[in-house]
Each structure stands twice: as C-alpha cells, then as structure tokens.
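As structure tokens, the structure follows; a few thoughts come after it.
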Amino acid sequence: MIILVINTGSSSIKYELFDMKDRKILARGLAERIGEESGILTYEIVPAGGKPTKKREKGLIADHQEGLKRIVDLLVDPEHGAVADKSEIAAVGHRVVHGGEAFKATTIIDGNVIAAIKKNIPLAPLHNPANLTGIEVAGSVFPDATQVAVFDTAFHQTIPGHAFLYAIPYEMYERYKVRRYGFHGTSHAYIAETAAEYLGRPTGELNLITIHLGNGASMAAIGNGNCIDTTMGMTPLAGLVMGTRSGDVDPSIPFFLADHLKMSFRDIDDLLNKKSGLKGICGANDMREVIERKEAGDKRAEIAIDIYTYRIKKFIGAYFAALGSLDALIFTAGIGENSPYIRELSCRGLDKLGIEIDPERNNKAGGGIREINSAEMEVKVMVIPTNEELKIAQETKKVIEKGRGIT
Ligand code: AMP
C-alpha cells in the first residue's frame, strides 16, 4: 500500500510518500512560502538502494491547491518520479493538530469528521484551519484515495481527569472544554511502540517516560501502554522550556504584564510563545548555538541550559511518582537524539531512582536506537529517533485495514 503523508501549515505542505510493504520512504519534500513570490518546492526521491535525487524549484506557488498539484507532478514525473500514476497512492494521511475530545484515535475523514475538526478551531486557531485546507485540497487532487486524519492530541486522550482538569470553575471544562489535551502524541506513541518492540515486551506491560526535545518540547508518562499525563496543556505553551516558548509560568504573569507594562493580549501571547524559552533567556533558540555559547563562557546560555534541564528533571521525578515504577526513560527529537550533554544534565543526580547515564554509551557517536544507562541500573535510559511521518503512515494503513470509521 502506498501512502502519502502530508502536514499542512498555513503557508507550507510537508510531504512523505511511503511504500508500506517495507515501511520505506519513496519520496519526500516541502512546499513552503505558499502564496509568496519567494516560494520554494523541494523534492527528494529515495530509490531502493540508489542515490537520492534532489530537486528544488523557486518561484510563486499560488496556493495550497497548486502546491499539492506540483508535488504530485514531481511524484509521477516519468524520469525522476516515485510512482507511475497518482492512482497508485491508496491513501493520504493528514497530521491534524487538535482533535479535542472528539477523537481518541485515527479516523477516516468524512463530512462529520471535517465538521468536528472545524469545531476544534478555537482550540488550535493557527493549525486546524491549515490542516483543513490540506484535507480539502488532497480530496480534490486525490478523489479516489482514502483520506485519514491522525491527531496530535489523540494519544493523550487516555489521561485521567485528575491529570487533565485544571482547578478552575468546572463549568469552564463542561461548557468550553478548557482542559489539558497534550500534543506531540504521534511522536510519543511511536516512541512507546518502538521501545516495546526493541525491549521485546508488550506495550501494555511497560511504564515509560518519553521526552520529546525538539524546537517544541514535551514529556509523557505512559503507564501500561496508556498515556497518563503529559507536560503540554490546553495549548503547546505549557510544560517544558522550549526554543522560544516559556513552558510553565505563574498564570498571573500575563496579568502583571498587562497591568504594569500595559501590554496587549497579542503582545503577551507573542512574548510567551515567540520571545521566551531559550531565546528569551540567552538570545538563541537553537540548542547547538546555546551550547556553543555556554562553552565560550556565556553566562546567560549557562542559565538557559540550567533552567531547561532542571525542568526536565523535575518532570522525570513527578512522572516517576505518578507511574509508581519505571521501565524506561526515552529521549527523542532534535535535541533528545543529538545532545548527550542535555541528556546527561537532565538525568544527573537521579541514581536513587535507578536512573543513571553511562558517559561512554551516552557520548558514543551514531544514530539509531540505543541504550545509554549504566549497565547495572534498573531503569533503561534510551535514545529512539522519532518518526512522526512513518507513524502517521502506519496509523493510516491500520485504520484502512480495519475499515474503521468515525470515533
Ligand atoms: P526538531 O524540532 O526535532 O527538528 O529539533 C530542533 C532542535 O534540535 C534545535 O534546537 C537544534 O538546535 C537541536 N539539535 C539538532 N542537532 C543538535 C545537536 N547535535 N546538539 C544539540 N542540539 C541539536
């Protein structure tokens, strides 16, 4: 089964084409700056065992419809294409950011599903409209393919009330669905399943803490295969310190900023989402740069790393308590996969919990799944590269095979 995975943003379409026979990527790329003269369309075909062919086209991509059509032209190109005809693509798997409480699992898209995604727009005002555009456009470009929605929030729908409710008037939840939802669910689910496969144990027997450290960052506590808590909240602003997002702050800070600095809601939103986190503390949001600055003696960069790793450590302790026991702690995404230093600082001093990193294993170069804990420690500490696109393709295939409809 050949599946196209697309992640549609307000001015971009990221895509990967998979052959699910062997879970192989056939092609991938990105249409970006849609609607601008400076549009860019990239395409990379990955032939079995061969050298990838890369293409880059510059110039106006008028809208998402044109973007997807041009992606399809590249996919079926007689010389460099990945498939002979678009009819070979059986399904399109869409990343949808917010499924609210309506979607606890991946689902085949129909009119009711589209209406429910629309209903969740207030919860994800930037992302869900773009995801809906992707669904609409893919429906017209691939009229015969099954359209499937894979939600960032679905994996977290098993979180119990005591962890998803905020202690504010209950009507806010009942009437307006103000609650913790959590995000990066596709990544956390993929990591949990991959860890279970690697450890040779059923997911349902494992207690895991998954730590996704990319530009956005979140952690999940997974008890017997079910997510029981996560750091992001009603929005992706909560929890860990991120590249430009603050993570948890005292909820009264926005009032202080409004009252005393006369900042508007929009400015405060901007401050917390785009000017805070690592960037707010030390001026750089790319962790490589932050580490380099720290090594060069920059005090602010040192403070940024201290706050960043202390927050992770605090949540490890909290989630250990929530789970009661722990089989594995797993790092993933850009920083989690590539920075031994951040992994080491985040776990330093946790040996009483059975968590200790072995410096040699941690620093060893090379990618792939690996164990980095000291051999004698009870808790496995692992690095597992995330692959959200593959997980979306797997989910899409699964739901089609089951012939499952709306949740
Ligand atoms: P992602 O959003 O998963 O692509 O992750 C992006 C983040 O990963 C950025 O902050 C990068 O600086 C960070 N990153 C990538 N490679 C490294 C590395 N070798 N060391 C530290 N951070 C890295």
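Since the model is a prediction, treat every value here as computed from it, not as a measurement. When a ligand or atom number is given, it counts from 1 through the structure's own listing order.
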Are [X] and [Y] within salt-bridge range, i.e. N to O under 4.0 Å?
X: D248; Y: R311; result: no
X: E292; Y: R288; result: no
X: E101; Y: R179; result: yes
X: D298; Y: K294; result: no
X: K86; Y: D144; result: no

Heavy-atom nearest neighbour in the protein, as seen from [atom], with distance rounded to 0.1 Å:
atom: atom 2 (O) of ligand 1; answer: N215 N, 2.9 Å
atom: atom 13 (C) of ligand 1; answer: I335 CG1, 3.4 Å
atom: atom 12 (O) of ligand 1; answer: D286 OD1, 2.4 Å
atom: atom 9 (C) of ligand 1; answer: M287 N, 4.2 Å
atom: atom 23 (C) of ligand 1; answer: R288 CG, 3.7 Å

Determine the interplanar angle of the Y43 and Y15 rings, folded into 0 to 90°, and report it as parallel if under 30°, tilted if 30 to 60°, perpendicular if over 60°.
parallel
Which one of G216, G243, G214, G334 has a non-hydrogen atom at the shortest distance from atom 8 (O) of ligand 1?
G334
Can you list the atoms of ligand 1 that are under 4.0 Å from a heavy atom of S339?
20 (N), 21 (C)
Can you check atom 4 (O) of ligand 1: any protein non-hydrogen atom closer than 4.0 Å?
no
